[in-house]
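Report on the following structure.
One is the number of the first residue; the rest follow in order along the sequence. Atom set for the values below is all heavy atoms of this structure, side chains included, hydrogens, waters and symmetry mates excluded.
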Amino acid sequence: MYSTVVSASICGIESRKVTVEADVSDGLPTFNLVGFLASETREAAERVRTALRNSGVRLSPQHVTVNLAPASFHKDGSLFDLAIAIALMGGYGFFPQQSLECVLLLGELNLNGGIGPVKGVLEIVSHAEEYGCSTVIVPQENLAEGSVIKNVTVLGAGNLNQVIHYLAGRTDCSVYPLEDSSYEPPLIDPGPLLSMEIDTGALRAQQLGKGPDFSLIRGQALMRRAAEIAVSGFHNLLMIGPPGAGKSLTARCIASILPETTMEEALEITKIHSIAGTLPKETGLLTTRPYRAPHHTITPAALCGGGSPPGPGEISLAHRGVLYLDEMPEFNPAVLEMLRTPLEDGAIRIARITGTYTFPADFMMVASMNPCRCGYFPDRSRCTCTNAQVRRYLSRISMPLLDRIDMCVEAYRVQYEELTSASGGECSAQIRERVTAAHLAQKNRYRGTPFRFNADLDPDAVRKYCPLDPEGEKLMHQAYEKLHLTARSYNRILKTARTIADLDAASSIGIRHLTEALSYRAVDRRYWEDALRTA
């Protein structure tokens with residue numbers, strides 16, 4: 001007999017429909033699993049047969065062929081196990097074909113018949129209706145994640161017996177026969193499949209504001225101000241200063257002032273983390289922006305994505321959130337240079353022999369660094385580095401990469417009076433209120449456009465949304481010549497000035513806004529041009 005069920009696969013970061021076909025016929029007893037499969041998928045044959053036997057299903061020796069169609073793309077992972085088992089039972093006549101229609105099956109089978117969690121459930125469930133399926137059966141541990149999608153019925157199963165009883169009840173067909181009367185009950189008792197509703201409001205309240213509070217920072221008013229502007233417009237930020245000045249703490253505090261996501265952004269973030277396997281089990285939807293801080297020993301594939309099969313890297317896991325690079329010059333220069341394209345395009349494309357994969361990477365980069373190996377340049381009374389060492393250290397960050405950083409701020413040694421003061425600065429909740437107001441202004445301004453934040457503007461949009469009066473034009477002309485700006489840095493300064501104006505609730509960019517934005521580009525020039533000239 002012939003039977004078919006619907007499943008799906010993850011290719012890069014996208015879902016693809018997979019039809020699992022099973023044909024059972026007379027002939028030499030064999031079990032053939034075909035369809036351009038990876039090794040872990042081929043191993044499903046043994047997992048399925050053992051799980052069926054331990055669930056009370058006995059299959060007579062026959063010629064069995066299972067195909068995962070279409071065979072035009074490579075299939076990997078263990079998420080097809082449940083679909084293969086049900087299709088196989090359908091081929092043996094346990095279910096009529098109509099009981100398997102409009103159902104999408106996902107899950108890895110344990111040898112005792114239990115169903116284990118898999119990756120990418122949210123992405124697959126979001127396309128179930130497109131695949132002609134109104135019901136999706138997922139592992140119980142993935143139920144919270146799958147239930148985010150409301151246009152289909154999502155059921156969670158803990159073991160194979162639950163799925164068998166559910167499918168048998170769809171058409172009132174008899175439940176599968178046991179091998180004999182002496183057979184013991186299944187290792188996992190069958191129970192009803194579960195459904196679940198997600199309380200997005202409670203999730204937002206639970207996840208919002210995670211991270212150290214800005215009130216912990218003593219002094220460093222300029223760095224705090226720069227962090228607020230960067231988050232308000234989603235601008236890239238670089239902090240330079242001696243050890244112990246508070247750069248890393250400021251970067252960690254940024255997580256506590258990131259604004260809420262829209263539902264569209266939350267789904268994008270959750271899908272990526274679901275596919276990467278980094279979604280917390282108890283969380284069905286990530287409603288806060290991610291904050292990723294990889295170690296400086298990270299490899300290119302771990303940062304940008306890749307592997308076999310290709311999966312998202314840290315820059316994709318930071319999508320719609322923050323990527324923090326602590327001690328930026330300690331990273332491999334070749335790895336840092338790979339950030340150029342994602343910082344411009346908001347995505348990264350990885351070409352492999354099996355195809356080309358596009359991963360989203362629209363993130364805000366925050367980085368910190370010492371000005372030299374010892375950390376005290378240009379204070380020659382404390383710096384022990386030679387001129388050549390300073391040049392070598394700073395040259396690990398190229399000017400093309402530096403040109404893609406909107407803001408650069410200098411941190412200073414905290415004074416004793418600031419460190420021991422009874423009260424710190426503003427708390428994160430106060431700062432987040434201003435950030436949220438600035439984001440609301442941008443949302444209203446860019447309604448109906450592809451832009452979300454000021455940092456997203458392209459050159460044409462900069463001219464439209466960041467106009468300058470004659471006095472501002474004169475100031476920018478002088479700065480362009482004196483600071484040797486590029487066309488890219490010119491646009492980034494205007495976008496930063498637009499954000500500063502939004503924080504002031506100003507409708508247009510003033511001289512004060514423009515001057516402050518220019519000050520955040522003068523610091524990097526001082527270190528990379530003046531400092532290197534004297535080194």
Side-chain angles (χ1 to χ4, degrees), residues 9-16 73-74 76 119-120 122-123 126 230 234-238 261 264-279 286 289-326 328 331-367 396-406 450-453 455-459 488 491-492 495:
S9 177
I10 294 293
C11 294
I13 207 149
E14 298 177 350
S15 169
R16 291 190 184 182
F73 67 91
H74 196 246
D76 51 73
K119 301 177 182 179
L122 181 59
E123 168 65 12
S126 66
F234 228 60
H235 302 289
N236 302 322
L237 173 65
L238 173 63
T261 61
E264 179 186 357
E265 290 174 324
L267 288 173
E268 289 180 27
I269 295 168
T270 306
K271 285 179 181 180
I272 296 170
H273 285 262
S274 170
I275 292 169
T278 58
L279 188 67
L286 292 176
R289 302 183 185 278
Y291 180 91
R292 308 291 297 186
H295 192 260
H296 66 263
T297 56
I298 191 170
T299 63
L303 181 67
C304 297
S308 181
E314 287 291 330
I315 61 174
S316 295
L317 295 175
H319 181 65
R320 303 297 184 196
V322 175
L323 178 72
Y324 175 49
L325 305 181
D326 193 13
M328 191 178 185
F331 284 76
N332 187 326
V335 173
L336 291 179
E337 292 305 305
M338 297 182 71
L339 293 173
R340 289 195 198 178
T341 300
L343 286 174
E344 289 288 332
D345 299 343
I348 186 165
R349 295 165 183 83
I350 299 174
R352 294 291 184 269
I353 193 171
T354 55
T356 301
Y357 305 88
T358 301
F359 296 102
D362 186 5
F363 59 91
M364 167 187 165
M365 188 179 78
V366 177
R396 293 178 66 87
I397 303 177
S398 68
M399 287 303 297
L401 179 59
L402 195 66
D403 203 39
R404 288 167 168 81
I405 298 177
D406 305 63
F451 311 116
R452 286 183 171 90
F453 306 105
D456 298 336
L457 300 179
D458 57 28
R488 180 187 293 112
N491 287 326
R492 289 183 180 270
K495 290 187 283 188

Exam field: side chain R289 to backbone R320, donor-acceptor pair closer than 3.5 Å
yes
Side-chain contact, heavy-atom cut-off 4.5 Å: L279 with L122?
no
Between T261 and L286, is any pair of side-chain heavy atoms under 4.5 Å apart?
no
Honestly, is R16 close enough over F73, meaning NZ or CZ under 6.0 Å from the six-membered ring centre and within 45° of the axis?
yes
Whether S316 side chain and P360 backbone form a donor-acceptor pair below 3.5 Å:
yes
Validation row: F363, L317 side chains within 4.5 angstrom (heavy atoms):
no
R404/E337 ion pair, N-O < 4.0 Å
no
Please say which of L238, I397, L343 ends up in a side chain to side chain contact (heavy atoms under 4.5 Å, CB included) with I405.
L238
Using the side-chain contact (heavy atoms from CB on, under 4.5 Å) rule, take T358 and I13 through it: C-alpha gap first, then chi angles, then the decisive distance, then the call.
CA-CA 7 Å; T358 301; I13 207 149; over 6 Å; no
Test item: T270 side-chain N/O and A266 main-chain N/O as donor-acceptor pair under 3.5 Å
yes
Polar side-chain atom of H319 near backbone of I269 as donor-acceptor pair, under 3.5 Å:
no
Do side-chain atoms of N491 reach the backbone of R488 as a donor and acceptor pair under 3.5 angstrom?
no
Using a cut-off of 6.0 Å, state whether more than 12 heavy atoms not belonging to K119 lie near its atom NZ.
no
Expected output: side-chain N236 to main-chain D406 donor-acceptor under 3.5 Å:
no
Spell out, as yes or no, whether a donor-acceptor pair under 3.5 Å connects the side chain of N332 to the backbone of A334.
yes
Does T299 reach the side chain of V335, with side-chain heavy atoms less than 4.5 Å apart?
no
Heavy atoms, side chains only, cut-off 4.5 Å: are V366 and Y291 in contact?
no
Is it true that E268 and K271 make a salt bridge, defined as a side-chain N closer than 4.0 Å to a carboxylate O?
no
Parallel, tilted or perpendicular: which one describes the rings of H296 and F331, with boundaries at 30° and 60°?
perpendicular
